[in-house]
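To start, the structure itself, in structure tokens.
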Amino acid sequence: MVGLPSGKLRSVDNVALLFHLLGALLFVAGIVVVGVAFEAARRREQSAEIALLLGLARIGVLLAVGGSLLLAVFGLWLVHLGGFGYGSGWVDAAIALFVVALALGGLGGRRPKQARRLATRLAAEQAPVDHELRLLLDDRVSRAANYGSLAVVLAILVLMVFK
């Protein structure tokens, strides 16, 4: 940013920070919506209720995806503006943890997506919850991946605060 008055540079930093924080809020809000909707769906006995709640989780996924894009783009821009360098330990750790969180979230979302499709079909047929749907909702690997993703996101938050 050579040649820019310091006031302009400050403005650019503030814009980048604003959108980075907006991305963080959307990302975390999306994760919360997904988690609450999924856990509520697991406790329901009617296929229509499960389908509705897992449909709501799709909105959370959209929030998380949009937030993750803002986080990545503006976070990398902040690193550039701040002159921290991509070799800084905390920057590398944050990027690696972010990739891990996204991978775990993607892995953990497979069974709930299958459960939503099955619940929607069962609801359309006015059929009760079957054993296959219950197995999809109670899949331990998916739940572990989702909770692991949440733990990694919390670790990123701690890293960002105490860097």
Side-chain angles (χ1 to χ4, degrees), residues 1-44 49-117 119-120 137 139 141-163:
M1 297 288 176
V2 175
L4 286 178
S6 62
K8 275 285 194 205
L9 182 61
R10 195 76 200 124
S11 241
V12 170
D13 288 348
N14 288 335
V15 167
L17 181 59
L18 170 70
F19 283 101
H20 182 66
L21 292 174
L22 178 63
L25 289 171
L26 289 173
F27 185 63
V28 171
I31 291 170
V32 169
V33 168
V34 169
V36 168
F38 179 73
E39 288 300 328
R42 289 187 61 243
R43 289 162 175 74
R44 298 293 189 259
E49 291 176 336
I50 293 170
L52 176 69
L53 288 164
L54 293 179
L56 178 62
R58 292 175 77 186
I59 295 169
V61 169
L62 291 175
L63 287 171
V65 167
S68 69
L69 291 173
L70 287 173
L71 264 174
V73 169
F74 289 96
L76 292 174
W77 192 23
L78 281 169
V79 168
H80 172 74
L81 290 174
F84 299 112
Y86 297 101
S88 300
W90 69 271
V91 172
D92 291 344
I95 292 170
L97 289 171
F98 186 64
V99 170
V100 168
L102 293 177
L104 285 172
L107 174 67
R110 289 183 180 159
R111 294 287 188 246
K113 181 178 180 179
Q114 292 172 341
R116 178 184 48 80
R117 289 180 175 161
T120 301
L137 291 171
D139 183 67
V141 172
S142 290
R143 290 177 63 207
N146 284 325
Y147 283 110
S149 180
L150 176 61
V152 171
V153 168
L154 292 174
I156 294 169
L157 178 63
V158 169
L159 179 64
M160 291 294 105
V161 170
F162 295 105
K163 66 180 188 255

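What's counted below: heavy atoms across the whole structure, side chains too, no hydrogens, waters or symmetry copies.
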Between A94 and I156 the two heavy atoms that sit nearest each other are O-CD1, 4.2 Å

Main-chain N/O of R116 paired with T120 side-chain donor or acceptor, under 3.5 Å: yes

State whether the side chain of S68 and the backbone N or O of V65 hold a donor-acceptor pair below 3.5 Å, judged by distance alone. yes

Which distance, rounded to the nearest 0.5 Å, do you find between the CZ of F19 and the CG of L26? 11.0 Å

Test item: R44 side-chain N/O and I50 main-chain N/O as donor-acceptor pair under 3.5 Å: no

Do V91 and I95 make a side-chain contact, defined as non-hydrogen atoms from C-beta onward lying under 4.5 Å apart? yes

Could you tell me the separation between the CE atom of M160 and the CG atom of L97, rounded to the nearest 0.5 Å? 8.5 Å

Compare every heavy atom of L70 with every heavy atom of G23, then report the nearest pair and how far apart it is. CA-CB, 3.6 Å

In this structure, CG of L107 is separated from CG of L102 (nearest 0.5 Å) by 12.5 Å

Go through the steps to decide whether Q114 and R111 satisfy the test side chain to side chain donor-acceptor pair (under 3.5 Å), and finish with yes or no. CA-CA 5 Å; Q114 292 172 341; R111 294 287 188 246; 3.1 Å; yes

Closest approach of L104 to N146 (non-hydrogen atoms, all atoms of both residues): O-OD1, 4.3 Å

Side-chain contact, heavy-atom cut-off 4.5 Å: W77 with H20? no

Please examine the side chains of F74 and L17, heavy atoms only from C-beta on, and report whether any two atoms are closer than 4.5 Å. no

Nearest heavy atoms of A101 and V152, plus distance in Å: CB-CG1, 3.8 Å

Atom pair CZ (R143) and CG (L137), whose distance is rounded to the nearest 0.5 Å: 10.0 Å

Taking the side chain as C-beta and beyond, is there a heavy-atom pair between L54 and F38 under 4.5 Å? yes

Roughly how far apart are D13 CG and L78 CG, rounded to 0.5 Å? 7.0 Å

What distance do N14 atom CG and L81 atom CG have between them, rounded to the nearest 0.5 Å? 10.5 Å

Would you confirm whether R43, through its side chain, and E39, through its main-chain N or O, come within 3.5 Å as a donor-acceptor pair? yes

Can you confirm whether more than 12 heavy atoms, excluding those of R58, are under 6.0 Å from its CZ atom? no

So for atom CZ, which belongs to F98, do other residues, nucleotides or ligands contribute more than 12 heavy atoms lying within a distance under 6.0 Å? yes

